[in-house]
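See below for the structure under consideration.
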Amino acid sequence: MILDLLTCSQIKIGLESTEKEECFAELLEPLVARFPQLKRGQAMDALIRREELKSTAIFPAVAVPHAVVHEHLDVPAIALGISRDGIEFEAENPGEKNPVVKLIFEIFFDEGDAHKHLQVLRDILQLLKHEDFLNEVLKASTPQQVLDIIRFFEE
């Protein structure tokens, strides 16, 4: 469950970033604070390499940038960011309009933990299947409200 992996300190409402890579760095800060073994430079490089393979903008207004790291994380490291103005990501297919993302789940998985990797991505997709989830999260004004919304939709 996503709720088991998130704390208020890992939720950033009103991202200051206007560019995708700035957003990655902004969301990385609370994760480095919680997971000191997570190395900033290596984590950023892993995210950028993953994003170059294929855009992680998976739904209109939602992106799930994620990467595998070698820092022995006991649990997946997740940060959630909300951008009021939106951040442009590359379109999945050439010729399509670039999506503007407002909700970002940034995740780092430990190398060799494919089960947790798939479970977390599946849990996020389950949340996003609920029609009201995105709208409710985007209206939240505090990290605690975001956690309460996730709790409601995960039950």
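Values below: every heavy atom of this structure, side chains too, minus hydrogens, waters and symmetry copies. Please read these numbers as outputs of a predicted model, since none were measured by experiment.
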(request) Hey, can you tell me if F24 and F89 have their rings parallel, tilted or perpendicular (30° and 60° cut-offs)? (result) perpendicular
(request) Examine V100 and I58 and state if one hydrophobic cluster contains both, with Ile, Leu, Val, Met, Phe, Trp and Tyr joined whenever side-chain heavy atoms are less than 4.5 Å apart. (result) no
(request) Supply the atom-to-atom distance C23 SG to E16 CD, rounded to the nearest 0.5 angstrom. (result) 11.5 Å
(message) Hydrophobic clusters here meaning ILVMFWY residues chained together by side-chain heavy-atom distances under 4.5 Å, can you tell me if V68 and L38 are in one?
(response) no
(message) Hydrogens and angles aside, do K129 and Q126 bring a side-chain donor and acceptor to less than 3.5 Å of each other?
(response) yes
(request) Take I11 and L147 through the side chain to side chain contact (heavy atoms under 4.5 Å, CB included) test and state the conclusion after the steps. (result) CA-CA 9 Å; I11 298 171; L147 289 176; 3.7 Å; yes
(request) Would you check, one step at a time, whether the test side-chain hydrogen bond (donor to acceptor under 3.5 Å, both in side chains) holds for T56 with E51? (result) CA-CA 6 Å; T56 55; E51 192 70 23; 2.5 Å; yes
(request) Verify, without hydrogens or angle tests, whether N98 (side chain) and E88 (backbone) share a donor-acceptor contact under 3.5 angstrom. (result) no
(request) Could you tell me whether a side-chain N or O of S17 sits under 3.5 Å from a main-chain N or O of E19, the two making a donor and an acceptor? (result) no
(message) Show the nearest heavy-atom pair for residues I149 and E136, with the distance to one decimal.
(response) CD1-O, 3.3 Å
(message) Applying the side chain to side chain contact (heavy atoms under 4.5 Å, CB included) criterion to I82, which one of I104, V146, L15 satisfies it?
(response) V146
(request) Give a yes or no on whether H130 atom NE2 has more than 12 heavy-atom contacts from other residues, nucleotides or ligands under 6.0 Å away. (result) yes
(request) Drop me the distance from I124's CD1 to I2's CD1, to the nearest 0.5 angstrom. (result) 4.5 Å
(request) Run the salt-bridge test on E26 and K12 with the 4.0 Å N-O cut-off and return the result as yes or no. (result) yes
(message) Measuring from atom CG of L53 to atom CD1 of I48, what distance do you get when rounded to the nearest 0.5 angstrom?
(response) 12.5 Å
(request) Mind listing the closest non-hydrogen atom pair of P30 and L27 along with its distance? (result) CD-O, 3.2 Å
(request) For atom CG of D85, decide whether the heavy atoms of other residues, nucleotides or ligands shown that lie under 6.0 angstrom number more than 12. (result) no
(message) According to a hydrophobic-cluster definition based on side-chain heavy atoms being under 4.5 Å apart (Ile, Leu, Val, Met, Phe, Trp, Tyr only), do M1 and F108 belong together?
(response) no
(message) Looking at every non-hydrogen atom in both residues, tell me the closest pair between A43 and V69 and how far apart they are.
(response) CA-CG1, 4.4 Å
(message) Counting neighbours of CD on E96 that are heavy atoms of other residues, nucleotides or ligands and sit closer than 6.0 Å, is the number greater than 12?
(response) yes
(message) Check whether Q145 reaches the backbone of T142 with its side chain - one donor and one acceptor, N or O, closer than 3.5 Å.
(response) yes
(message) Same cluster or not: I13 versus F105, using hydrophobic residues (I, L, V, M, F, W, Y) connected whenever any side-chain heavy atoms lie under 4.5 Å apart?
(response) yes
(message) If I compare all heavy atoms of P36 with all of A33, which pair ends up nearest, and what's the gap?
(response) CD-O, 4.3 Å
(message) Tell me the closest heavy-atom pair linking C8 and P143, and the distance in Å.
(response) O-CB, 3.6 Å
(message) If I take atom CG from residue L6 and atom CD1 from residue I150, how far apart are they, to the nearest 0.5 angstrom?
(response) 5.0 Å
(request) Indicate yes or no: at least one non-hydrogen side-chain atom of L103 is less than 4.5 angstrom from one of F133. (result) yes
(request) Could you check if a side-chain atom of L121 sits within less than 4.5 angstrom of a side-chain atom of V64, using non-hydrogen atoms only? (result) yes
(request) Ignoring hydrogens and angles, tell me if any N or O in the side chain of K116 forms a donor-acceptor pair with the backbone of D74 under 3.5 Å. (result) yes
(message) Quick one: does any side-chain atom of E106 pair with a main-chain N or O of A79 as donor and acceptor, under 3.5 Å?
(response) no
(request) Of all the heavy-atom pairs spanning G86 and K102, show the shortest one and how long it is. (result) CA-CG, 4.0 Å
(message) Can you tell whether the side chains of E90 and K54 come within less than 4.0 Å, N to carboxylate O?
(response) no
(message) Main chain of L5, side chain of Q10: is a donor-acceptor contact present, judged purely on distance under 3.5 Å?
(response) yes
(message) Per the side chain to side chain donor-acceptor pair (under 3.5 Å) rule, what does the pair list look like for residues 35-49, sequence neighbours excluded?
(response) E29-R40
(message) Quick check: is V75 connected to F109 through a chain of hydrophobic side chains (ILVMFWY, heavy atoms under 4.5 Å apart)?
(response) yes
(message) Below 30° counts as parallel, above 60° as perpendicular, anything between as tilted: where do the rings of H117 and H66 land?
(response) perpendicular
(request) Run through L3, L127, D148 and flag the one making a side chain to side chain contact (heavy atoms under 4.5 Å, CB included) with F153. (result) L127
